S.K.: 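First the structure, which I've put down as structure tokens, then a few questions once you've had a look.
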Amino acid sequence: MAHSTVPRGNHVDGPRTPEAHRDHFRHLMGELPAGVTVLTTMSPDGPMGMTTSAVTSLSMNPPMILACLTSTSTTLAGILSHGTFAINILTDAMTDTSDRFAHGPVLERFTAVPHRLVDGLPLLEDTAGAAICQVAATHPGGDHTILTATVTRTLHGEGSPLLRHRAAYRSIR
């Protein structure tokens, strides 16, 4: 008779406090490698963007994506105001770009970062690829907002994608 393939070590009781539970959850999700992207949009003050790994395909027909952003994000507010955004898939040579778009003043993140406008949206240069997206819907998701969007255009680049795994940058090379 077959036995369970779940290791016995996975049956340990979880943490007892909400803070410890969040820490354990963050650690668990860090085991799942994720691609690193920068979402960009335009605001009346200029281009804005942020780093996120919470992006995935949603549908092939029509082509749609799902992205999760912190609900208090100024970039999220800009995306919702503009109605469109771009997903820039970073290469493993773009760790500095990822850090720049993860921290610091939103409207200064494009300083010294090569980019161009495509369909009225800022696209970062030298990425593994990009997608232009039209917001379709938003949904609450805890402290995040879930965006679903229709992909209206794709652009292909070169290079290996940048990944996050165990709270560090990784490459598939």
Side-chain angles (χ1 to χ4, degrees), residues 26 29-30 32-59 62-165 167-171:
R26 179 176 286 124
M29 295 313 297
L32 182 63
V36 181
T37 67
V38 169
L39 273 56
T40 57
T41 194
M42 286 299 286
S43 77
D45 297 321
M48 57 189 328
M50 66 177 287
T51 301
T52 184
S53 294
V55 174
T56 190
S57 62
L58 176 63
S59 169
M64 294 183 77
I65 60 90
L66 180 147
C68 302
L69 291 82
T70 303
S71 295
T72 58
S73 162
T74 55
T75 300
L76 172 62
I79 289 170
L80 295 177
S81 175
H82 196 262
T84 61
F85 63 99
I87 300 169
N88 298 267
I89 302 170
L90 302 188
T91 69
D92 58 5
M94 300 179 82
T95 58
D96 289 343
T97 301
S98 175
D99 289 341
R100 177 180 206 86
F101 281 86
H103 310 288
V106 173
L107 296 176
E108 295 176 18
R109 292 177 181 172
F110 283 87
T111 305
V113 174
H115 62 282
R116 67 188 190 283
L117 291 181
V118 174
D119 295 344
L121 293 169
L123 293 185
L124 305 182
E125 296 286 346
D126 302 320
T127 63
I132 306 293
C133 303
Q134 176 75 43
V135 175
T138 64
H139 308 278
D143 60 358
H144 280 60
T145 296
I146 302 162
L147 293 176
T148 60
T150 303
V151 176
T152 60
R153 185 172 181 187
T154 59
L155 299 100
H156 300 276
E158 294 183 19
S160 293
L162 180 61
L163 304 176
R164 286 289 288 181
H165 179 244
Y169 291 120
R170 308 285 185 198
S171 175

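The figures that follow rest on heavy atoms only: side chains count, while hydrogens, waters and symmetry mates do not. Residue indices begin at 1 and follow the sequence shown. Source: prediction; values computed, not measured.
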S.K.: With side chain to side chain contact (heavy atoms under 4.5 Å, CB included) as the test, pick out the partner of M48 among S73, P105, S43, P122.
M.R.: S43
S.K.: May I ask you to decide if V113's main-chain N or O and H115's side chain share a donor-acceptor pair within less than 3.5 Å?
M.R.: yes
S.K.: Checking side chain to side chain contact (heavy atoms under 4.5 Å, CB included) against P33, which of H165, R164, R170 comes through?
M.R.: H165
S.K.: In the structure I gave you, are the side-chain heavy atoms of L69 and I79 within less than 4.5 Å of one another anywhere?
M.R.: yes
S.K.: Is the side chain of Q134 donor-acceptor paired with the backbone N or O of V151 at a distance under 3.5 Å, no angle test?
M.R.: no
S.K.: What heavy-atom pair brings D92 and S171 nearest, and what distance separates the two atoms?
M.R.: OD2-OG, 2.6 Å
S.K.: Search all heavy atoms of M42 against all heavy atoms of L121 and return the closest pair with its distance.
M.R.: N-CD2, 4.2 Å
S.K.: Run through T75, T84, N88 and flag the one making a side-chain hydrogen bond (donor to acceptor under 3.5 Å, both in side chains) with T40.
M.R.: N88
S.K.: Got a second to check how far H139's NE2 is from L147's CG, nearest 0.5 Å?
M.R.: 9.0 Å
S.K.: Find the distance between OG1 (T127) and CD (E158) and round it off to the nearest 0.5 Å.
M.R.: 10.5 Å
S.K.: How many angstroms lie between atom SG of C68 and atom CG of L76, to the nearest 0.5 angstrom?
M.R.: 10.5 Å
S.K.: What's the separation between atom CD1 in I87 and atom CG in L123, rounded to the nearest 0.5 Å?
M.R.: 11.0 Å
S.K.: Look up atom SG in C133 and atom CG in L39, then write down how far apart they are to the nearest 0.5 Å.
M.R.: 7.5 Å
S.K.: Using 0.5 Å steps for rounding, measure from the CZ atom of R109 to the CG atom of D99.
M.R.: 11.5 Å
S.K.: Compare all side-chain heavy atoms of V118 with those of R153 and state whether any distance is below 4.5 angstrom.
M.R.: yes
S.K.: Show, in sequence, the C-alpha distance, side-chain angles and deciding distance for Y169 and L163, and conclude whether the side chain to side chain contact (heavy atoms under 4.5 Å, CB included) test is met.
M.R.: CA-CA 6 Å; Y169 291 120; L163 304 176; over 6 Å; no
S.K.: Work out which heavy atom in A86 is nearest to a heavy atom in I132; give both atom names and the distance.
M.R.: CB-CD1, 4.1 Å
S.K.: Could you check whether any side-chain heavy atom of L80 comes within less than 4.5 Å of a side-chain heavy atom of F85, counting everything from C-beta outward?
M.R.: no
S.K.: What pair of heavy atoms forms the shortest contact from G159 to A128, and how long is it?
M.R.: O-CB, 4.0 Å
S.K.: Is there a side chain to side chain contact (heavy atoms under 4.5 Å, CB included) between H156 and T154 once you walk through the steps?
M.R.: CA-CA 7 Å; H156 300 276; T154 59; 3.8 Å; yes
S.K.: Side-chain contact, heavy-atom cut-off 4.5 Å: T51 with V36?
M.R.: yes
S.K.: Using only heavy-atom distances, determine whether the side chains of T52 and T37 contain a donor-acceptor pair under 3.5 Å.
M.R.: no
S.K.: Please report the closest heavy-atom contact between L90 and T97, naming both atoms and the distance.
M.R.: CD2-CG2, 4.4 Å
S.K.: Ignoring hydrogens and geometry, is there a side-chain-to-backbone donor-acceptor pair from R100 to T111 under 3.5 Å?
M.R.: yes
S.K.: Identify the two heavy atoms, one from P140 and one from I146, that lie closest to each other, and give their separation to 0.1 Å.
M.R.: O-CD1, 4.0 Å
S.K.: Test side chain to side chain donor-acceptor pair (under 3.5 Å) on T91 and D126; report intermediate values, then the result.
M.R.: CA-CA 8 Å; T91 69; D126 302 320; over 6 Å; no
